[in-house]
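Quick caveat: nothing in here was measured; it's all calculated off a predicted structure. No hydrogens, no waters, no symmetry mates; every other heavy atom, side chains included, goes into these values.
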Amino acid sequence: MKTLTLLSGAAMLAVAGIAVAQGGPGPGRHGPEGDVTRQQVIAHVDEMFGRLDADRDGHVTPDEMRAAGRHRREEMRAHMFDRLDANHDGNISREEFAAAHAMRGPGGPGGHRGMHMGGPGGPEGPGGPGGRGMRGMRMFGEQGFVTLEQMRARALAHFDRADANHDGTLTEAEREAAHGRMSDHPAQD
């Protein structure tokens, strides 16, 4: 049975999210710097699950996932506004907007050429979390939720596939190699 497909995304977030705890990557980076251990992945998945399981029933549902996504996008928008509002007067002037655009350059730091704020196929698009259609719903299986144990198992399966020498530590080189393989052959679980 194809189960928990999008947990691959959660698993990668678990590995990448450890960067925050380690002083993390700079703008435009997509993962942690330095080595990541299995124990760090488990700790991060546990922390992430705790944030997602809003009603503390031991299950993350599609509604909880969507609510967490909305909350995160709101935080990011507020942060972006604060960065653009250089004089902190609650308004973004043409000058502030132009200065921010000039600093970013064509695809510059941060790398994005535009912002996607939802809509069909976007974060709030059809099919549930992340707007990924049926793939978005498969992560929850027929039971309609995912447990901490399932999320941990998925993250560790991705970790183990990426840990080329199977020493329990994922190096930056191993992560880059795994990322290249995933780009060439997306997970089919």
Nearest 0.5 Å, what's the NE2-CE distance between His44 and Met48? 5.0 Å
Is there a side-chain contact between Val41 and Leu156 (heavy atoms, below 4.5 Å)? yes
Student check: side-chain heavy atoms of His59 and Val146 closer than 4.5 Å: no
How about Arg56: does its CZ atom have over 12 heavy atoms from other parts shown lying under 6.0 Å from it? yes
Would you name the heavy atoms of Leu52 and Ala68 that are closest together and state the gap between them? CD2-CB, 3.4 Å
Are the side chain of Glu176 and the backbone of Ala173 linked by a donor-acceptor contact shorter than 3.5 Å? no
Any idea which heavy atoms bring Phe159 and Gly168 closest together, and the distance? CZ-O, 3.4 Å
Mark yes or no for whether Asn91, through its side chain, and Ser93, through its backbone, hold a donor-acceptor pair below 3.5 Å. no
Does a side-chain heavy-atom distance below 4.5 Å link Arg152 with Phe49? no
Is it true that Asp163 and Arg38 make a salt bridge, defined as a side-chain N closer than 4.0 Å to a carboxylate O? no
Checking side chain to side chain contact (heavy atoms under 4.5 Å, CB included) for the pair Arg72/Met76: CA distance, chi angles, key distance, verdict? CA-CA 6 Å; Arg72 178 71 181 130; Met76 291 171 61; 3.8 Å; yes
Within the 3.5 Å criterion, strictly below it, is a donor on His79 or Glu75 matched to an acceptor on the partner's side chain? no
Shortest non-hydrogen contact from Thr61 to Phe145? CG2-CB, 4.2 Å
So, does Arg154 use its side chain to make a donor-acceptor pair with the main chain of Gln150 at under 3.5 Å? no
Mark yes or no for whether Asp35, through its side chain, and Thr169, through its backbone, hold a donor-acceptor pair below 3.5 Å. no
Ion pair check, Asp63 and Arg66, cut-off under 4.0 Å: yes
Just wondering, do Asp46 and Met151 contact through their side chains at under 4.5 Å, heavy atoms? no
Could you check if a side-chain atom of Val36 sits within less than 4.5 angstrom of a side-chain atom of Arg175, using non-hydrogen atoms only? yes
Would you check if Asp160 and His166 make a side-chain contact, meaning some heavy-atom pair closer than 4.5 Å? no
For Gly144 versus Pro62, what's the shortest heavy-atom pair and its separation? O-CD, 3.3 Å
Separation between CE of Met80 and CG of Asp85, rounded to the nearest 0.5 Å: 13.5 Å
Backbone of Asp55 reached by a side-chain donor or acceptor of Glu64 within 3.5 Å: yes
Hey, are the side chains of Phe81 and Ile92 touching, using non-hydrogen atoms and a 4.5 Å cut-off? yes
Check ion pair Glu47-Arg51 (N to O, under 4.0 angstrom): yes
Phe97 CZ: over 12 foreign heavy atoms closer than 6.0 Å: no
Can you find a pair of side-chain heavy atoms, one from Leu170 and one from Thr37, that are under 4.5 Å apart? no
